[in-house]
Amino acid sequence: MCGVFGIFGHEEAAHLTYLGLHALQHRGQESAGITTSDGLKLKTYRAMGLVADVFTEPILNDLPGKSAIGHVRYSTAGGSHVRNAQPYQVSFGGGQLAVAHNGNFVNADDARKELEEAGAIFQSDSDTENVIHYIARSRAGVFEARVVDALRRLDGAYSMVFLTEKKLVAVRDPAAFRPLVLGRLKNAYVIASETTALDLIEAELLREIEPGELVVIDEDGLKSSFPFEKREQKRCVFEYVYFARPDSKLFGDSVFSVRKRLGQQLAREQPVNADVVIAVPDSGVPAAMGYAQESGLPYDIGLIRSHYVGRTFIEPQQSIRHFGVKLKLAPVRSTLEGKRVVVVDDSIVRGTTSRKIVKMLQSAGAKEVHLRISSPPTAWPCFYGIDTPSRQELIAASHSTDEIARYVTADSLGYLTLEGLMRAAGDASGKTFCSACFSGKYPTGLPGVSPSGRG
Ligand code: AMP
């Protein structure tokens with residue numbers, strides 16, 4: 001779970017990257033960083049925290065140059081520590097480089113072992129650092145050829161941006177697990193994980209970076225090539241379900257529209273006699289609207305979300321039950337009292353939040369609570385860049401839907417089928433999507449990983 005951004009050829013490169021990262025904040029809240037180039041040297045600032053907290057006006061003014069890359073991170077590989085914050089900036093035989101990565105290399109552990117045995121000294125515990133070592137060791141001439149050399153040794157998900165003194169390079173893996181788009185702002189080129197970042201800085205969306213495409217941007221303009229072996233597309237369907245921002249256009253479709261279609265399909269598959277449909281905000285809202293539309297039931301606001309909850313908060317130990325979720329969500333009694341309520345959320349991971357939400361709705365007077373989930377049971381961990389717990393912690397890995405319904409104390413529980421998800425996502429065959437978190441069918445080998453869970 002990360003967001004990347006890059007810009008080449010703009011006077012305000014650092015400030016625009018800051019804004020781009022702000023729009024991508026939902027993709028990672030742990031750390032943020034920006035590297036700029038003034039044409040002669042690179043400069044990086046990165047720290048733990050949210051974009052708006054990490055960067056101040058003086059810090060941005062101190063990042064000179066017309067090109068920049070940026071990153072927001074939520075750790076999927078490597079711990080939560082500033083040494084793992086990106087971009088990574090290094091000097092090597094070919095000059096200076098910085099890199100920002102969204103995704104996960106599945107053979108990172110083996111690669112690291114091989115590199116360490118050959119003498120490499122790692123500065124972080126992140127899988128991304130492997131790329132830097134391979135680039136440094138490559139015998140290829142130009143920088144982008146070194147990037148290709150490096151990435152040919154690694155397998156998995158990567159939407160990445162690189163910055164050197166003179167070039168911005170963007171690359172997307174051949175399966176295209178994670179999104180990456182190309183935009184234009186006057187004479188500058190812009191790269192971003194999601195279109196919402198282009199919209200904020202008023203850049204025009206040109207197109208997606210294609211599966212397996214390498215784009216090099218320098219003073220001479222933009223050059224595109226496809227240096228990797230072709231493979232079937234495996235776009236992450238969970239980006240549609242939960243991860244991407246609903247105002248983004250992703251894999252050629254509007255995320256909001258897809259989510260609404262998921263809700264409509266869910267209503268067809270899992271109908272229920274009820275009085276009102278409500279969402280778990282924010283992630284459940286579009287699907288709940290779709291559910292209401294399809295079922296003919298009224299949509300209403302039954303939960304209010306606080307937007308001021310930080311990452312850490314001192315909680316009373318025992319005295320207030322379900323305190324964590326109460327900070328984030330509050331029930332609207334007038335919507336719920338005496339009603340048979342359909343509550344729509346996008347997914348159940350451990351089941352702990354859902355249980356608290358159902359109990360909260362019951363305490364606020366709901367007569368019945370019917371939980372509807374706009375994706376299939378999440379039963380398998382992701383190895384391609386979404387932060388999911390180990391298989392042992394995923395409630396659907398070891399419990400039936402009836403058992404989960406009893407655990408969360410709902411009157412009924414209904415999930416969307418995998419077929420329904422694929423149809424609503426726009427590929428009924430399901431072939432072009434990765435849905436491993438639901439099906440357990442991983443589209444790459446997983447070296448060094450036990451089939452029962454992560455690591
Ligand atoms: P849980 O209580 O563990 O079942 O959490 C379910 C909630 O977590 C749902 O409301 C989802 O929107 C949200 N969710 C799903 N996947 C993730 C993820 N990878 N990281 C953070 N939250 C998630």
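First listed ligand is number 1; within each ligand, the first listed atom is number 1. One is the number of the first residue; the rest follow in order along the sequence.
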Output every pair passing ring pair (Phe, Tyr, Trp, His ring centres under 6.0 Å) with a member in residues 243-269, not counting sequence neighbours, ordered by first then second residue. Tyr240-Phe251
When you measure from the side chain of Asp427 to the backbone N and O of Lys431, does any donor-acceptor pair fall under 3.5 Å? yes
The salt bridge (charged side-chain N to carboxylate O under 4.0 Å, His left out) partners of Asp53 (sequence neighbours excluded) come to none
Is Arg178 positioned over the aromatic face of Tyr384, cation under 6.0 angstrom from the ring centre and no more than 45 degrees off axis? no
Hits for side-chain contact (heavy atoms from CB on, under 4.5 Å) against Pro227, two or more places apart or cross-chain, chain-then-number order -> Val148, Arg152, Leu214, Ser225
Does Arg112 qualify as a cation-pi partner of Phe122, given the criterion of NZ or CZ under 6.0 Å from the six-membered ring centre and within 45 degrees of its axis? yes
Using heavy atoms and a strict 4.0 Å limit, residues surrounding ligand 1 turn out to be Met1, Phe238, Tyr242, Ser283, Asp345, Asp346, Ser347, Ile348, Val349, Arg350, Gly351, Thr352, Thr353, Ser354, Ile386, Asp387
